[in-house]
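Predicted, not measured: the structure shown is a model, and the values here were computed from it. Numbering of ligands and ligand atoms starts at 1, following listing order.
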Amino acid sequence: MSTAEGIFEPKVEPYRIAPETYVIPQLLEAPPVGMFYVNSMVITGTEPVLVDTGAPSNRQQWLDHAWSLVDPADVRWVFLTHDDHDHAGNVRQVMAACPNATLVTTWFSMARYAIDTEEFWMPFNRSRWVRDGESFQAGDRTLLAIRPPFFDNPTTRGLFDATTRVYWAADTFATAIPHPAEDAADLDAKAWREGMLLGNRLNHPWHLWLDAGKFSKHVDRVQDLDIDTAASCHAPTIHRGLIDEAFDLVRKVPELPPWEEPGQDFLEGIIAATTKPVVS
Ligand SMILES: [Fe+2]
Ligand SMILES: [Fe+2]
């Protein structure tokens, strides 16, 4: 959506990506490379599932959006891909609001989260631990926790819903975008490719030390799921027409040099542009 002046206004309303499956987006400006999403997902099946819980900076809007899609009393599962702030940022508020929900996490993720909060929080009796490669039943569907190609936290598992063939890829496919786009196909093809190669180097600097053959087998494990729709935290949704190209781009990343992030010069430019001169 754009204004009459042609300036893009971030669109941050939830949107449907597949039957009974929605993305809750947050959009952040990320100069000088454009914008990044901070997304979560909701599956409104017979036993509704929240997939990640958004960032603390967006708490009220995230909760409003989530409860516009599902009644908190109906939420049965809260699947955390990992304990990073942008994925687990509202998990305590969500678990407090959803008395019938079970937190789907892991031993290590729970330990990491517990020490990262001001008050020790380990809701053992409301949790279920699902490791990489394990599934759980959420009413009418089986959900498979499976590690995505790239990740920035050792506890990360993505989530594959075989009913809709939607895969939640957590941090994989992170893409710097020049303007809001719910669907990757709505971006200029070159901008999408470059934005994804940027995002996946920025967030996964360990790509430099990958054995291409071993990594390719790791990517196969997810690509072989036969995904129709790939949603993820930091990118527009990728539908079937671009899925193979998206995996091809991921496979290219190990061959690329590191992405050089902005340094002190850029920071000084921001300070100069935003600081008022001191009047004596
Ligand atoms: Fe992360
Ligand atoms: Fe993330």
message = Please report, to 10°, the angle around the Fe ion (ligand 2) from atom NE2 (His234) across to atom OD2 (Asp86).
response = 80°
task = Would you confirm whether Asp116, through its side chain, and Arg112, through its main-chain N or O, come within 3.5 Å as a donor-acceptor pair?
result = no
inquiry  = Tell me which N, O or S atom from Asp84 is the closest to the Fe ion (ligand 1).
reply    = OD2
query = Tell me, which N, O or S atom in His82 is closest to the Fe ion (ligand 1)?
reply = NE2
request  = Decide yes or no for Leu202 and Glu260: does some side-chain heavy atom of the first lie under 4.5 Å from some side-chain heavy atom of the second?
outcome  = no
4.5 Å side-chain heavy-atom contact, Phe150 and His207 = yes
inquiry  = Checking one value in my table: which N/O/S atom of Asp152 lies closest to the Fe ion (ligand 1)?
reply    = OD1
ask   = Can you list the residues that meet the side-chain hydrogen bond (donor to acceptor under 3.5 Å, both in side chains) rule with Gln223, with sequence neighbours excluded?
value = Asp244, Arg251
Under 2.8 Å: N/O/S of Asp171 next to the Fe ion (ligand 2) = yes
key: Residue among Ile17, Asp161, Asp52 satisfying side chain to side chain contact (heavy atoms under 4.5 Å, CB included) with Met41   = Ile17
query = How about Cys233: does one of its N, O or S atoms come closer than 2.8 Å to the Fe ion (ligand 1)?
reply = no
